[in-house]
> 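Can you keep this structure in mind? I'll have questions shortly.
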Protein chains: 2
Amino acid sequence: MPKDTFNNLSAEKKRIIFDAAVQEFSTRRFSEASINQIIKTAGISRGSFYQYFNDKEDIYLYMIMEIGKEKLEVLSHTEALNPDADFFENFLHMTRVALTWAKTKPDYNQVGLLMELDDSEFIAKLRALSTEGLAIIKGMVERDKQRGLIRQEINSDLVVEMMYTLNINLLKDIYRNGSEEEMLKKMADMYDIIKGGIARV
Amino acid sequence: MPKDTFNNLSAEKKRIIFDAAVQEFSTRRFSEASINQIIKTAGISRGSFYQYFNDKEDIYLYMIMEIGKEKLEVLSHTEALNPDADFFENFLHMTRVALTWAKTKPDYNQVGLLMELDDSEFIAKLRALSTEGLAIIKGMVERDKQRGLIRQEINSDLVVEMMYTLNINLLKDIYRNGSEEEMLKKMADMYDIIKGGIARV
DNA sequence: ATTCAATATGACAACCCTGTCATATGACAA
DNA sequence: TTGTCATATGACAGGGTTGTCATATTGAAT
């Protein structure tokens with residue numbers, strides 16, 4: 001929730017400030033990021049910053065919302081998957097999309113990863129808000145239980161947690177770990193393990 | 001590598017300083033931890049600190065080594081597992097031991113978790129050093145492949161990485177997530193999924 | 001008791017950071 | 001042109017951090 005003064009700014013100037021924020025928050029985690037750095041990059045004065053935002057949380061929130069909008073914009077243009085696809089197909093598809101997104105907007109992705117690393121009060125609250133995604137995934141697991149694709153006695157929450165954890169973990173390596181295909185392969189292999197187990201039958 | 005001056009100190013005084021370090025590094029991650037705080041807690045002067053250690057890295061390393069020694073001391077008294085036990089039994093056993101350790105020395109455990117959260121140059125290097133553990137686990141996986149307990153085509157490294165990631169993730173919840181048994185149950189369930197998969201056969 | 005080396009100390013410089021506020025600048029209206 | 005309101009500015013206070021260094025204290029040996 002930036003102040004009115006900020007909203008009155010020209011789109012270009014807003015963009016400059018947004019970019020500066022992204023640059024800072026993709027480099028240092030929230031608690032270590034510095035307003036000083038942002039205003040230097042954006043080329044605005046200290047006083048102006050506080051005329052635009054209340055504090056660091058304020059601009060962070062604004063930035064996250066903007067990123068969210070952009071992401072939604074892109075994702076809405078993504079081809080939908082066959083509605084009958086099973087959990088794994090769905091998840092892999094989501095992973096593919098997420099991976100592409102991360103490659104397209106590496107800065108935005110970094111912001112997300114650093115968010116995962118942060119443990120400040122504020123970020124914890126923020127993270128707690130973005131759990132609807134997990135509910136959807138859980139729904140997919142349970143549908144597959146209904147359809148007899150996944151065993152009844154499996155704990156859906158646990159599966160979701162595992163997949164989520166592994167997914168985040170893999171995203172961390174994204175810039176180290178060479179090509180997109182390699183990463184997708186790795187993900188697919190992990191999912192196969194979750195699906196079929198590693199034990200010899 | 002503390003300086004000689006530190007090593008000449010009485011065991012009690014060394015312990016006081018070690019404890020102060022643990023207190024600080026179990027509360028704030030390395031990059032955010034403050035020498036000021038440590039000297040305040042330990043009740044020593046700023047000047048003395050720099051007569052004992054070169055800098056924050058120095059005392060951190062010392063602390064990690066000490067913790068390592070203590071841990072080794074405890075673990076060496078842990079009953080060994082049946083040498084024929086399979087990978088999962090072994091891993092679960094290790095988990096059990098790790099969990100007990102974490103409950104016994106919550107501060108030390110916190111230090112480790114915060115290390116996992118940190119992304120500073122220094123901590124990254126440090127973490128890279130502690131990978132021998134993973135090699136052992138990989139060895140166990142491969143032995144089970146030999147014995148025909150785990151399918152040949154499974155990628156051992158991947159399995160190790162998955163187990164490790166899930167394990168760390170679970171340790172994070174340790175203070176939130178109630179009882180030790182609950183956690184062990186959760187771990188066991190996760191391992192079951194890795195072992196047998198979630199798909200209906 | 002005196003001397004001398006080891007150790008302890010905290011004031012200090014230098015560098016970060018944040019949030020405020022009096023003042024300057026701009027732009028538009030009367 | 002002058003007044004007024006919105007916006008821009010950077011100096012400033014107050015807080016944090018680290019590493020150094022001249023000085024004080026201690027303790028042990030002569």
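By convention in this document, chain letters (A, B, ...) are assigned in the order of the sequence lines, proteins followed by strands, and residues within each chain are numbered from 1. What you see is a predicted model, and the numbers here were worked out from it, not measured in a lab.
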> Given atom CZ of F6(B) and atom P of dA8(C), what is their separation to the nearest angstrom?
11 Å

> Tabulate below the donor-acceptor pairs under 3.5 Å that side-chain atoms of residues 133-143 of chain B make, not counting sequence neighbours, or state none.
{"residue": "K138(B)", "atom": "NZ", "partner": "D157(B)", "partner atom": "OD1", "Å": "3.3"}
{"residue": "K138(B)", "atom": "NZ", "partner": "D157(B)", "partner atom": "OD2", "Å": "3.4"}
{"residue": "E142(B)", "atom": "OE2", "partner": "S156(B)", "partner atom": "OG", "Å": "3.1"}
{"residue": "R143(B)", "atom": "NH1", "partner": "P83(B)", "partner atom": "O", "Å": "3.0"}
{"residue": "R143(B)", "atom": "NH2", "partner": "P83(B)", "partner atom": "O", "Å": "3.3"}
{"residue": "R143(B)", "atom": "NH2", "partner": "A85(B)", "partner atom": "O", "Å": "2.9"}

> So that I can tick it off, tell me whether K69(B) and E66(B) are bridged by a salt bridge, with the cut-off set at under 4.0 angstrom between side-chain N and carboxylate O.
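Yes.
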
> In dot-bracket notation, what is the pairing pattern of DNA chain C, taking Watson-Crick (N1-N3 plus N6-O4 or O6-N4) and G-U wobble (N1-O2 and O6-N3) contacts under 3.5 Å, with [ ] crossing and | for other strands?
||||||||||||||||||||||||||||||

> Any N/O pairs under 3.5 Å between the protein and nucleotides 13-22 of chain C? List them or say none.
{"residue": "dC17(C)", "atom": "OP1", "partner": "S34(A)", "partner atom": "OG", "Å": "3.2"}
{"residue": "dC17(C)", "atom": "OP2", "partner": "N36(A)", "partner atom": "ND2", "Å": "2.8"}
{"residue": "dC17(C)", "atom": "O5'", "partner": "N36(A)", "partner atom": "ND2", "Å": "3.4"}
{"residue": "dT18(C)", "atom": "OP1", "partner": "I35(A)", "partner atom": "N", "Å": "2.9"}
{"residue": "dT18(C)", "atom": "OP2", "partner": "N36(A)", "partner atom": "N", "Å": "3.3"}
{"residue": "dG19(C)", "atom": "OP2", "partner": "Y50(A)", "partner atom": "OH", "Å": "2.5"}
{"residue": "dG19(C)", "atom": "N7", "partner": "R46(A)", "partner atom": "NE", "Å": "2.9"}
{"residue": "dG19(C)", "atom": "N7", "partner": "R46(A)", "partner atom": "NH2", "Å": "3.2"}
{"residue": "dG19(C)", "atom": "O6", "partner": "R46(A)", "partner atom": "NE", "Å": "2.9"}

> Could you give the CD1-to-C1' distance, from I17(A) to dA8(D), as a whole number of Å?
12 Å

> Taking salt bridge (Lys or Arg N to Asp or Glu O under 4.0 Å) as the definition, give me every residue that meets it alongside K185(B), ordered by chain and number, with sequence neighbours left out.
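Salt bridge (Lys or Arg N to Asp or Glu O under 4.0 Å) check on K185(B) returns D189(B).
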
> Q152(A) side chain to K145(A) main-chain N or O, any donor-acceptor pair under 3.5 Å?
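Yes: the side chain of Q152(A) pairs with the backbone of K145(A).
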
> Can you check whether S48(B) has a side-chain N or O nearer than 4.0 Å to OP1 or OP2 of dT9(C)?
yes

> Between D192(A) and K195(A), does any side-chain N to carboxylate O distance fall below 4.0 Å?
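Salt bridge absent between D192(A) and K195(A).
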
> Is a salt bridge present between E24(B) and R28(B), judged by a nitrogen-to-oxygen distance below 4.0 Å?
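Looking at E24(B) and R28(B), the cut-off is met.
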
> So that I can tick it off, tell me whether E161(B) and K172(A) are bridged by a salt bridge, with the cut-off set at under 4.0 angstrom between side-chain N and carboxylate O.
no

> Show me the donor-acceptor pairs, under 3.5 Å and distance only, between side chains in residues 113-124 of chain A and residues at least two apart or in other chains.
{"residue": "D118(A)", "atom": "OD1", "partner": "S120(A)", "partner atom": "N", "Å": "2.7"}
{"residue": "D118(A)", "atom": "OD1", "partner": "S120(A)", "partner atom": "OG", "Å": "2.9"}
{"residue": "D118(A)", "atom": "OD2", "partner": "F30(A)", "partner atom": "N", "Å": "3.2"}
{"residue": "D118(A)", "atom": "OD2", "partner": "S31(A)", "partner atom": "N", "Å": "3.3"}
{"residue": "D118(A)", "atom": "OD2", "partner": "S31(A)", "partner atom": "OG", "Å": "3.2"}
{"residue": "D119(A)", "atom": "OD1", "partner": "R29(B)", "partner atom": "NH2", "Å": "2.9"}
{"residue": "S120(A)", "atom": "OG", "partner": "I123(A)", "partner atom": "N", "Å": "3.4"}

> Separation of K40(B) atom NZ from dT18(D) atom C1', in whole Å?
15 Å

> Distance check needed: dG16(D) C1' versus E24(B) CD, whole Å only.
13 Å

> Under 3.5 Å, which protein N or O atoms sit close to an N or O of nucleotides 4-7 of chain C? Give each pair with its distance.
{"residue": "dT7(C)", "atom": "OP1", "partner": "N8(B)", "partner atom": "ND2", "Å": "2.9"}

> So V111(A) and Y60(A), do their side chains get closer than 4.5 Å, heavy atoms only?
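Sidechains of V111(A) and Y60(A): in contact.
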
> Counting the atoms with a prime plus P, OP1 and OP2 as sugar-phosphate, which does K13(A) contact under 4.0 Å by heavy atoms, base, sugar-phosphate, or nothing?
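Contact class for K13(A): sugar-phosphate only.
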
> Figure out the CG/P separation between N7(A) and dT7(D), and round it to whole Å.
11 Å

> Give me the one residue out of T165(A), L158(A), V159(A) that meets side-chain contact (heavy atoms from CB on, under 4.5 Å) with M162(A).
L158(A)

> May I ask you to decide if the ring planes of F18(A) and Y62(A) are parallel, tilted or perpendicular, using 30° and 60° as cut-offs?
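The arrangement is perpendicular - the two ring planes meet at more than 60°.
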
